[in-house]
Amino acid sequence: MTDVQTTTRKDWMSDQEVRWCPGCGDYSILAAVQFLLPELGVKRENTVFVSGIGCAARFPYYMNTYGMHSIHGRAPAIATGLALSNPDLDVWVIGGDGDMLSIGGNHLIHAMRRNVRVKILLFNNMIYGLTKGQYSPTSEVGKVTKSSPFGSLDRPFDPVSLALGAEAGFVARTHDMDRKHMMATFRRAWEHDGSALVEIFQNCNVFNDGAWGDLTKKANRANMLIELKHGEPIRFGANDEFGVVIDCDGARVAEVAEVGLDAIAVHDEKAEDPSVAFMLSRLALTPHQPTPIGVFRAADRPEYSQATNQQLLDAQAKLGGGDLAALLRSGGTWTVEG
Amino acid sequence: MTDVQTTTRKDWMSDQEVRWCPGCGDYSILAAVQFLLPELGVKRENTVFVSGIGCAARFPYYMNTYGMHSIHGRAPAIATGLALSNPDLDVWVIGGDGDMLSIGGNHLIHAMRRNVRVKILLFNNMIYGLTKGQYSPTSEVGKVTKSSPFGSLDRPFDPVSLALGAEAGFVARTHDMDRKHMMATFRRAWEHDGSALVEIFQNCNVFNDGAWGDLTKKANRANMLIELKHGEPIRFGANDEFGVVIDCDGARVAEVAEVGLDAIAVHDEKAEDPSVAFMLSRLALTPHQPTPIGVFRAADRPEYSQATNQQLLDAQAKLGGGDLAALLRSGGTWTVEG
Amino acid sequence: MTQTETRQHPVEELDEVVIRFAGDSGDGMQLTGDRFTSASAVMGNDLSTLPEFPAEIRAPAGTIAGVSVFQVRISDFDISTPGDAPDVLVAMNPAALKSQLPRVVQGGIIIINTDAFNDRNLEKAGYESNPLEDGTLEGYRVYPVPMTDLTRRSTEHLGVKPRDAERSKNFFALGVVSWMFTRPVEPTIDWIHQKFAGKELVIAANEAAFKAGYNYGETAEIFEAHYEIKSAHMPPGEYTNVNGNTALSWGIVATGGLAKLPVFLGSYPITPASDILHELSRRKNFGIRTFQAEDEIAACGAALGAAYGGNLAYTTTSGPGLALKTETIGLAVSLEVPLVIVDVQRGGPSTGLPTKPEAADLLMAMYGRNSESPIPIVAAKSPSDCFFAAIEAARIALKYRTPVMLLSDGFLANSSEPWLLPDVDSLPDISVEKATQPNGMDEDGNPVFLPYLRDPETLARPWAVPGTPGLEHRVGGLEKEDPTGNVSYDPANHAHMIELRAAKVAGIAKDIPEVEVHGNPDADLLVLGWGSTWGAIDAAAHRAADRGMDVAYAHLTHLNPFPSNLGEVLSRYDRILVPEMNCGQLSRLVRAEYLVDAQSLSKMNGVPFTSGEILAAIAEQLGA
Amino acid sequence: MTQTETRQHPVEELDEVVIRFAGDSGDGMQLTGDRFTSASAVMGNDLSTLPEFPAEIRAPAGTIAGVSVFQVRISDFDISTPGDAPDVLVAMNPAALKSQLPRVVQGGIIIINTDAFNDRNLEKAGYESNPLEDGTLEGYRVYPVPMTDLTRRSTEHLGVKPRDAERSKNFFALGVVSWMFTRPVEPTIDWIHQKFAGKELVIAANEAAFKAGYNYGETAEIFEAHYEIKSAHMPPGEYTNVNGNTALSWGIVATGGLAKLPVFLGSYPITPASDILHELSRRKNFGIRTFQAEDEIAACGAALGAAYGGNLAYTTTSGPGLALKTETIGLAVSLEVPLVIVDVQRGGPSTGLPTKPEAADLLMAMYGRNSESPIPIVAAKSPSDCFFAAIEAARIALKYRTPVMLLSDGFLANSSEPWLLPDVDSLPDISVEKATQPNGMDEDGNPVFLPYLRDPETLARPWAVPGTPGLEHRVGGLEKEDPTGNVSYDPANHAHMIELRAAKVAGIAKDIPEVEVHGNPDADLLVLGWGSTWGAIDAAAHRAADRGMDVAYAHLTHLNPFPSNLGEVLSRYDRILVPEMNCGQLSRLVRAEYLVDAQSLSKMNGVPFTSGEILAAIAEQLGA
Ligand SMILES: Cc1ncc(C[n+]2csc(CCOP(=O)(O)OP(=O)(O)O)c2C)c(N)n1
Ligand SMILES: Cc1ncc(C[n+]2csc(CCOP(=O)(O)OP(=O)(O)O)c2C)c(N)n1
Ligand code: SF4
Ligand code: SF4
Ligand SMILES: [Mg+2]
Ligand SMILES: [Mg+2]
């Protein structure tokens, strides 16, 4: 970009009072985005946040950009139309686990397969916050909530697995306790030419406090969060003593000392085949097991809005610009003399 | 079952004239089901077919069972309620690729993760038949149809990958040219305790004729269809000369002679981790490459309607049967004297 | 009850009082209001309550957006609304005062927690100067009480930390108000012990704060009087205090027994309907299956599937969710299966004002489906009436094999009133027969099942549920041949089926009560209401009568079809006034149906009608 | 044109004829009808067509369900409907005869392909004896022609295989009918060459069959006469033959230029609206983006997103799809962005009769959203009017920043009429200004942007699209503060916004044409129509006038708001008759609005009104 704007975090803060519960993880995600955008050198007027409904979905109100707080579950669909309408826009989509995976699940998976340039930040707090605490499609089995007083029975989605199964080109994961990691991950999503899904572990301290604590508390991170880095062996632990081994049964955690460094898988986010990324997404099935974060997959694929525009250009090149008078005559005409 | 009914195919045929186009692949799927049900020894009155809208969705009219031809995309949701309402029913869901993966995608993935005992037969003809030929979510990129005269841009879903990403416990694939294989596959779906998805390659000879021909024509099958069999090495070819090798990059086809039989992966449909099944679903990305059929995954998981009923029983055991008069008093009462 | 020496205050008798507890979301105002209500119920007062929550889960402390309010009206006579303007305001902080003061009656009592009136809180509330000092409160009877401090001091001896002690200040306030209105203390103390069982320190602190507040009223010299409200002349019997969502849930629970059918609820959470899902989810021992679906379409679809499977099926939602269910409801119309759709209406359009009531989904309920797709509509008129409305909706759904819309709203949902508990054995039997046998013959004389062969009386088709041998048949959303149910594109059959569906719903008019006229039936003016306006209309009509104005009034609980005598009733009045929390939806329906010049009295600000507003409109109509 | 010796037949002159081509789906009846229409257009006749397809893609050959029909009416005077009952039926097989015979006028001409009347086909059609022999056709003028055989023989010399030759039999039939009505042969032969270019054998076979049919008419002794229909006195100019879906698509194409905006269509296929998606998908060189979404909700959502992004956005569907879009349309009402929703109505309820027309979504269009959510409604009245209706809908959407509902129906969609092509330069400029500058000031005098500050005239809010520097702002479905657009729960603001939204839509009445009264304005009876009933009403009114009946008629193209003079117009008539393909939806709206006793003439059988039906109702109203 030639005329990079120089902005600061403050430029990206709207004049609206932030209305999340004190202590909510949403605050730190908001801060991470507000710190990142100046670094990206993007323009406020070309940045749009589209959200559905939920606590997370209040996000656009707090950004001094264009923003739409739409209806429950539909943000990916609306954002797709918006992205198609104007190639200059950076379109971000914000939503909770209910918004995106429950009522909005279909739009999410279709946005993924189409690879349209919308950047989807999924605030996963494993609960419905705004409606005051029902279980969500990411809540663990047995969860006791207002709508499941005897424990929920539904097996949760893993958002990364789901997106990979839906042909996603870019899938990543981060958490609300690590601003640096969030910023780096959001940046990667922004850089990707196509649709991008970032799952963010987010704490809802009112209805599901500490749900991610086993992973995201500072003391636990080294042993519980597995940072994926392209081209590097997948290792973790305070002294990188653990690693991930992949074989024909799937992925599993091993002690490096035991299996040897050569046995540790090297992460390839660009792999054309999403299978290994999928394996990594199955490593942890509860928020109490070592869990990969970072970019699972960032594969190159044609971006949808550019391809759409190219079809218009090609048609114009081939057929000439549209001529309405000629179109009206295209079915054959006859003339009645006066 | 103690009183197994003895029925024949004819008992399962309704009095309604079958209205698909002559030559449509739907006929052979119908026949496969009508041949299978007598073999299963199930009762007509306990068998229900629920469908959405589309050519495929006309299916229930032709079955002499209970049946509902519902609305576009919603059959999995309706079937879920039906399955919960009566544990004695065998609930089958029928739909096309548009019905199930486009408008109905969300209900499909949620039915998968919940593992409710509905058996979903997805008639995949890679086209919208009933509305006369638009591209569908399984149509290949570049497909020229009425709604994509310049070629479609949307990357297709692989129904098997999608279902596996959505936590499906049972996923299988078969095709309309092989009644025996269809019957065996549908039987496996029926036997599975939970939701089951069977993708059926189906020919729409009017709007997408021969789309699966590279795989399903008799002459091509040996080299192009890879039959998955639990516990056996994954081999194919007229003389089983090819096999599937799995390593940390994914799955690929190899010549057995070259890699040795030991290198050929042994299929484990019961694996708790769906990653390998997912790998197999990525082996072919177009209908012109060797493609696995059969049961990809058949993992044991708690079935949803039974778990629901168990909660009712537990609650009754713990709290006693419901007492309305007591419930009305549960918030505290006072008495006004006369 | 205390050892301290007390001065005797004069006791004044009141016939009613409206009290509004207002504080920050974290201040426990709902609990305080609830407790006061219960104590009043025990005294035999009639009462009516209305909570108001902030839209945010936890709006920033101290702000106007974060104010939580509970209004309760208690009286010695029969009342039907939580009251118009409060006589008493308890304001726990500046934001509460600022937002609620405009509602208080002139000369009303204002009890203030002065400790909260610091600079920071004043600023957050948007006060530029301190209202306690700048004359803002002139014309009110103001009682400034340093509640936080007094609470702290009253609990000090228990070893409660000052920060924790503060949490009990709502009990201090409750104590003051309990003293002021001579409420008994025992029920509240008992309740504290029960509620916080196991947390001894919390019990001790709350009890101490409550007693301190009570004693403060008795002891401090600031109160001129305290008040007594005699018990109301309520019909004898056992009462509970119930809000609309709970009553509606219990009504649903009841229908399972009355219909002898398992109940199924397919739902997706949405304010203000979610509590029905919550309440029913707890009732598994009644054999009730609740299913939290992925969205409203699936919720309605699953309910339809369960209905088809022979359950008594419900789906609950609010406006935006109802918009999503319309296609599925259309299918239910075509399939003719029993299904109750509950819409707890809220402010719109779109997401609108999710926590505020409105009654503007009537026309969507009536017409919000493609093509001609008629369904019966039932609307509840008071919190406790939600119980009976649920039974009535289920009765119609089952008897006529039709989806039925049951309308409630956010006002009914959350407000409560004393409810004379019905004898559960006196509730109606709403069970219906399912089909078990073929009902026709083919040309060869073989028995066949005709799924659309109707009961000649009700026009209901047989309810033949999967699992029944011999009745296998197919249904679907395409037009069906009468009576075989086979797909038919025949023009005459389609016209006939359109007529049959319409006639079936219209025929329900024979099976519902005629509309009753209250007040002075010979008046010139009829006030026609529906839904939650009942209380305000009833109160307004009484007040009008007290002032010598002649007014008749009638209330519709069935909106489709209308009661059979409605046209005749309307024709008797020169003027018809229709108060509605919408822009005139019922008035449009009756104008179109009966060509009467029904005038709409519309209120669309997210706040329920007060009886005063309706009274004023009555007066205007009568030129009084 | 032929070498064979010919007898001269007498030529009779007719002023009009209605011909119905009927055959199996595979028989090419649509193409035959189309061709005949084009040849007639060239002759300067006025004309109107109506195709009817089977519901199945390929219903089993030979069955009634598989019959495909094309009706065309040609005349030497101005007509507006495809005619009531056909004068001529071409029946290619027994099923075609069986299903269509009841429609033919008494004494009408029936041309039959006798070769298809074998036992198998008779049985498939449900005939128990051969209608050619059993007297069924008494009272008609029957021309039995062994078309299959004659076609085969006429193509033998070309080396066409007998099975392939059969495929040309529709051209044989076309030849016969072309001769019978003295149509020119050249246009058809030219067309055959163009259409099948590259397939020489097909060209030769079709041409040979066509000529053989023509010559058969001339040569065979079975026809008593042939007929001429003079050219109509149509206004001079260049004409094309267009159906409603094509005209509507072209209207959408036109709006892009007229508004100087890129057009965006978000759609999901559904009968009978899909063809609009198809047609627009082909127009990429006009810069039109079409997006086939995963469902109707996403289609409408994407269109809303594109509208928000500054495109001229459309979404097209039919009833069941519209039901799904209601929540999103409600959001568009709240956001106040321009968006045109096209509903090509079809038979319902639910899936209903997907291939049959109905006009029963009017009340859903009006009220099918939660809460008070008003939107303008425009309806097309004839196939070619769809072009102008699209422009009018876009004009209103853009000018008032509002979603607009554009209603068409399955009858308009597929039937066609000659269209005097408009001068494209004379089409209106519908472009609007987007916001580019701040429009307000904050307390400190700094410029700010107020997204809900309205144009005082139109009450439209600024259209400030992302990408515009300095106008960054947030919108959403929660209630918005006037004029900042910030979220507001304030009761007075909510009431105010509800009023503003209503006033904006109501105010459009000033900006649309008054309703015109046709016929005899002083009559006692007014026939009030909307949508596709225009043709039938117009024709019926003319016929009534011819018979000396006084009747006035008016047609609404704007259903919300109504034209400003509608109330006054209605008040002038003693009787108002409203013919509608629904159960009285417009009549309910005008009854509620104007308290006039509008009587519904309802037709709900999936078949459009005939002028005869409306004439009969007029006569009944007038006691004539
Ligand atoms: C159509 C519709 N259905 C339901 C709702 C109610 N609703 C609002 S937010 C929400 C879920 C919130 O959960 P999530 O998306 O996880 O967001 P969070 O509040 O946890 O951030 C629901 C059910 C709605 N607003 N609209
Ligand atoms: C709500 C709704 N939207 C759209 C349609 C139109 N429609 C009917 S079937 C269909 C898709 C058919 O494709 P598929 O599901 O693949 O079934 P197939 O006909 O190919 O078997 C569509 C778009 C409809 N009936 N209802
Ligand atoms: S309810 Fe939970 S998610 Fe919502 S704002 Fe509060 S803490 Fe955050
Ligand atoms: S259109 Fe295709 S899928 Fe439909 S019935 Fe015909 S051949 Fe089968
Ligand atoms: Mg959440
Ligand atoms: Mg298909």
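Chain letters run A, B, ... following the sequence lines, proteins first, then strands; residues in each count from 1.
- For chain C, no part of Cys24(A) is nearby; none of its heavy atoms comes within less than 4.5 Å.
- No side-chain heavy atom of Ile29(A) sits under 4.5 Å from any side-chain heavy atom of Ile94(A).
- When heavy atoms are compared at a cutoff of 4.5 Å, Leu280(C) does not approach chain A at all.
- At a 4.5 Å heavy-atom cutoff, the contact between Ala293(C) and chain A is made by backbone atoms alone.
- Between Pro320(C) and Ile71(A) there is no side-chain heavy-atom pair separated by less than 4.5 Å.
- Contact annotation: the side chain of Thr65(A) never approaches that of Val48(A) to less than 4.5 Å [non-hydrogen atoms, C-beta and beyond].
- No hydrogens or angles considered: a donor-acceptor pair under 3.5 Å links the side chains of Arg282(A) and Ser161(A).
- Put simply, the side chain of Val198(A) does not reach to within 4.5 Å of the side chain of Arg173(A), judged on heavy atoms.
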Test log, rule side-chain contact (heavy atoms from CB on, under 4.5 Å), inputs Gln34(A) and Met13(A): CA-CA 7 Å; Gln34(A) 287 171 338; Met13(A) 295 164 68; 3.4 Å; yes

Give every donor-acceptor pair between chain A and chain C closer than 3.5 Å, one pair per line, or write none.
residue, atom, partner, partner atom, Å
Arg19(A), NH1, Glu56(C), OE2, 3.4
Arg58(A), NH1, Glu56(C), OE2, 3.2
His72(A), NE2, Tyr268(C), OH, 2.8
Ser102(A), OG, Glu294(C), O, 2.8
Ile103(A), N, Glu294(C), O, 3.0
Tyr128(A), OH, Tyr268(C), OH, 3.2
Gln134(A), NE2, His278(C), NE2, 2.8
Tyr135(A), O, Gln292(C), NE2, 2.7
Ser147(A), O, Ser281(C), OG, 3.3
Ser147(A), OG, Gln292(C), OE1, 2.5

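- Between Leu101(A) atom CG and Phe157(A) atom CZ the span is 7.0 Å, to the nearest 0.5 Å.
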